[in-house]
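Encoded as structure tokens, the structure appears first; notes follow it.
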Amino acid sequence: MGRKQRVLSGVQPTGNLHLGNYLGAIRNWVEGQSESENYLFIADLHAITVPHDPATLATNTYSLAALYLACGLDLNYSTIFVQSHVSAHCELTWLLNCITPLNWLEDMIQFKEKAVKQGENVGVGLLDYPVLMASDILLYQADKVPVGEDQKQHLELTRDIVNRFNHQFAKKDKPVLKLPDPLIRKEGARIMSLTDGTKKMSKSDPSELSRINLLDSADEITKKIKRCKTDPIRGLTFDNPERPECNNLLSLYMLLSGKTKAEVAAECQDMGWGQFKPLLTETTITALKPIQDKYQQIMADKGYLSSVLRDGREKAENIAKQTLTQVKAAMGYSMPF
Ligand code: TYM
């Protein structure tokens with residue numbers, strides 16, 4: 001039997017994890033984990049590409065690591081680590097920066113969107129963010145990268161960088177960097193805001209009512225669903241472009257209840273919002289409760305969490321260093337040994 005496929009992904013420790021992050025990414029990491037070798041990290045270097053508060057960066061990093069475990073990542077299959085603990089991420093970023101054309105980065109949709117929001121105060125890091133992301137992936141020679149739809153363009157850029165690097169620096173039949181494939185599940189890849197079904201659910205939306213966070217209390221969840229945007233039409237249906245909120249809320253119900261699309265379509269076809277909203281509320285609270293309980297347990301044992309991250313760092317560093325050495329050799333850096 002060949003080696004297991006290597007899976008790599010990460011989330012930024014900026015703000016609370018919401019249902020989009022969970023259903024678009026983390027849940028998929030957990031589901032497939034026993035079939036692959038998984039490297040899942042907390043992207044704390046990406047978190048400083050927008051203005052950040054040093055006092056909360058470390059707290060958010062720990063809290064996110066605890067959430068990874070609470071969501072079901074199993075250390076028998078998955079290595080969990082913090083991006084900034086493995087210095088090879090920064091080093092490879094510099095090397096790849098020097099072969100990445102500026103206009104590739106200027107074309108990135110997320111850069112354009114975030115740059116507009118920041119006005120004149122845009123740091124170089126925001127532009128360079130996708131090269132750091134490419135380095136994260138390539139250091140581990142990942143086969144698959146499970147992410148939500150919004151990361152697709154960054155994955156395409158990563159593949160372009162691989163092709164360019166191998167073309168310039170590798171021998172024809174011996175690529176140095178591996179071409180990764182994005183893993184974007186159709187269901188859950190784009191969870192939309194609760195206040196506007198045409199916008200994705202996002203940590204940076206100023207309105208708390210727009211998203212449900214994994215650590216929201218039952219009262220908060222109830223309030224957010226009660227106040228979420230709907231429409232005046234009776235009978236709930238999927239896939240009607242005129243009813244983006246309806247499609248999003250039915251999808252949430254489907255994913256959180258574990259029912260199939262056909263089952264949900266049949267169950268809800270004659271419902272009004274007054275009947276559906278309490279059902280979605282109950283389902284969401286029930287689905288998140290075990291994650292929240294486990295999170296509290298893990299957070300109560302800081303020593304355990306630190307040891308998980310220490311082990312993770314060691315394993316990650318071993319692999320990352322090997323790739324970095326190969327990349328440097330290919331680029332003409334000789335090592336003094
Ligand atoms: P981040 O922290 O913005 O989001 C983490 C993951 O959640 C997914 N996601 C969504 N999925 C569905 N619906 C939504 N509304 C939604 N919002 C977010 C994202 O697609 C992502 O999978 N750059 C990355 C972190 C990163 C990374 C990497 C990922 C850094 N290096 C290497 C993979 C591989 C980011 O900012 O994700």
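Here, residue 1 is the first one in the sequence, and each next residue gets the next number. One-based numbering, in listed order, for ligands and for the atoms of each.
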*Does the N or O separation between Tyr129 and ligand 1 drop below 3.5 Å for any pair?*
yes

*Which atoms of ligand 1 are found less than 4.0 Å from any heavy atom of Gly24?*
11 (N), 12 (C)

*Any N/O pair His154/ligand 1 closer than 3.5 Å*: no

*Which residue owns the protein heavy atom closest to atom 26 (C) of ligand 1, what's the atom, and how far is it?*
Gly10 O, 3.9 Å

*asked:* If the cut-off is 4.0 Å to any non-hydrogen atom of His18, which atoms of ligand 1 fall inside it?
replied: 17 (N)

*Nearest neighbour in protein (non-hydrogen) for atom 4 (O) of ligand 1*: Asn21 ND2, 3.4 Å

*Charged N to carboxylate O below 4.0 Å: is that the case for Glu187 and Lys261?*
no

*Do other residues, nucleotides or ligands put more than 12 heavy atoms under 6.0 Å from Lys203 NZ?*
yes

_Full working for salt bridge (charged side-chain N to carboxylate O under 4.0 Å, His left out) between Lys315 and Glu37_ = CA-CA 12 Å; Lys315 284 192 196 148; Glu37 185 194 340; over 6 Å; no

*Carboxylate-amine/guanidinium proximity below 4.0 Å for Arg159 and Asp181*: yes

*Please confirm whether His89 and Tyr140 have ring centers closer than 6.0 angstrom.*
yes

*Parallel, tilted or perpendicular, as decided by the 30° and 60° cut-offs, for the rings of Tyr39 and Phe81*: perpendicular

*Does an N or O anywhere in Ala25 fall below 3.5 Å from an N or O of ligand 1?*
no

_Tell me whether Asp216 is salt-bridged to Lys223, with the criterion being a basic N under 4.0 Å from an acidic carboxylate O._
no

*Are any of the N/O atoms in Lys200 less than 3.5 Å from those in ligand 1?*
no

*Between Ala189 and ligand 1, which part of the residue brings a heavy atom under 4.0 Å of the ligand: side chain, backbone, both or neither?*
backbone

_Side-chain H-bond candidate by donor/acceptor type, Ser257 with Thr283, under 3.5 Å_ = no

*Ring centroid separation Tyr129 to His154 under 6.0 Å*: yes

_Distance-only side-chain donor-acceptor flag, Asp196 / Thr198, under 3.5 Å_ = yes

*Say whether Gly148, considering both its backbone and side-chain N or O atoms, lies within less than 3.5 Å of an N or O atom on ligand 1.*
yes

_Distance-only polar pair, side chains of Gln33 and Asn76, donor-acceptor under 3.5 Å_ = no

_Region of Ile137 engaging ligand 1 - heavy atom pairs below 4.0 Å_ = side chain

*Which ligand 1 atoms does His46 reach within 4.0 Å, using its non-hydrogen atoms?*
30 (C), 31 (N)

*asked:* Could you check whether Glu245 pairs with Lys229 (Lys NZ or Arg NE/NH1/NH2 to Asp/Glu carboxylate O, under 4.0 Å)?
replied: yes

*asked:* I need the Gln12 CD to Leu17 CG distance, nearest 0.5 Å.
replied: 11.5 Å

*Considering only heavy atoms, which of Gly188, Pro13, Gly20, Ser204 lies nearest to atom 10 (C) of ligand 1?*
Gly20

*Going by the atom numbers of ligand 1, which of them fall below 4.0 Å from some non-hydrogen atom of Met201?*
14 (C), 15 (N), 17 (N)

*Tell me which part of Tyr39 gets within contact of ligand 1: side chain, backbone, both or neither, using heavy atoms under 4.0 Å.*
neither

*asked:* For a quick check under 3.5 Å, do Ser217 and Asp219 share a side-chain donor-acceptor pair by atom type?
replied: no

*Check Arg190 against ligand 1 and report side chain, backbone, both or neither, counting heavy atoms closer than 4.0 Å.*
backbone

*Atoms of ligand 1 less than 4.0 Å from Gln12 heavy atoms?*
2 (O), 35 (C), 36 (O)

*Identify the closest protein heavy atom to atom 20 (O) of ligand 1: which residue and atom is it, and at what distance?*
Asp150 OD1, 2.4 Å

*Could you list which atoms of ligand 1 come closer than 4.0 Å to a heavy atom of Val145?*
33 (C), 34 (C)

*With heavy atoms under 4.0 Å as the rule, classify the contact between Leu132 and ligand 1 as side chain, backbone, both or neither.*
neither

*In the protein, which heavy atom is nearest to atom 31 (N) of ligand 1, and how far is it?*
Asp136 OD2, 2.6 Å

*Heavy-atom distance to atom 28 (C) of ligand 1: which of Met133, Lys203, Gln83 wins?*
Met133

*Taking distance alone, with no angle check, do Ile191 and ligand 1 share an N/O pair under 3.5 Å?*
yes

_For atom 37 (O) of ligand 1, the protein heavy atom that lies nearest, with its residue and separation_ = Gln151 NE2, 3.8 Å

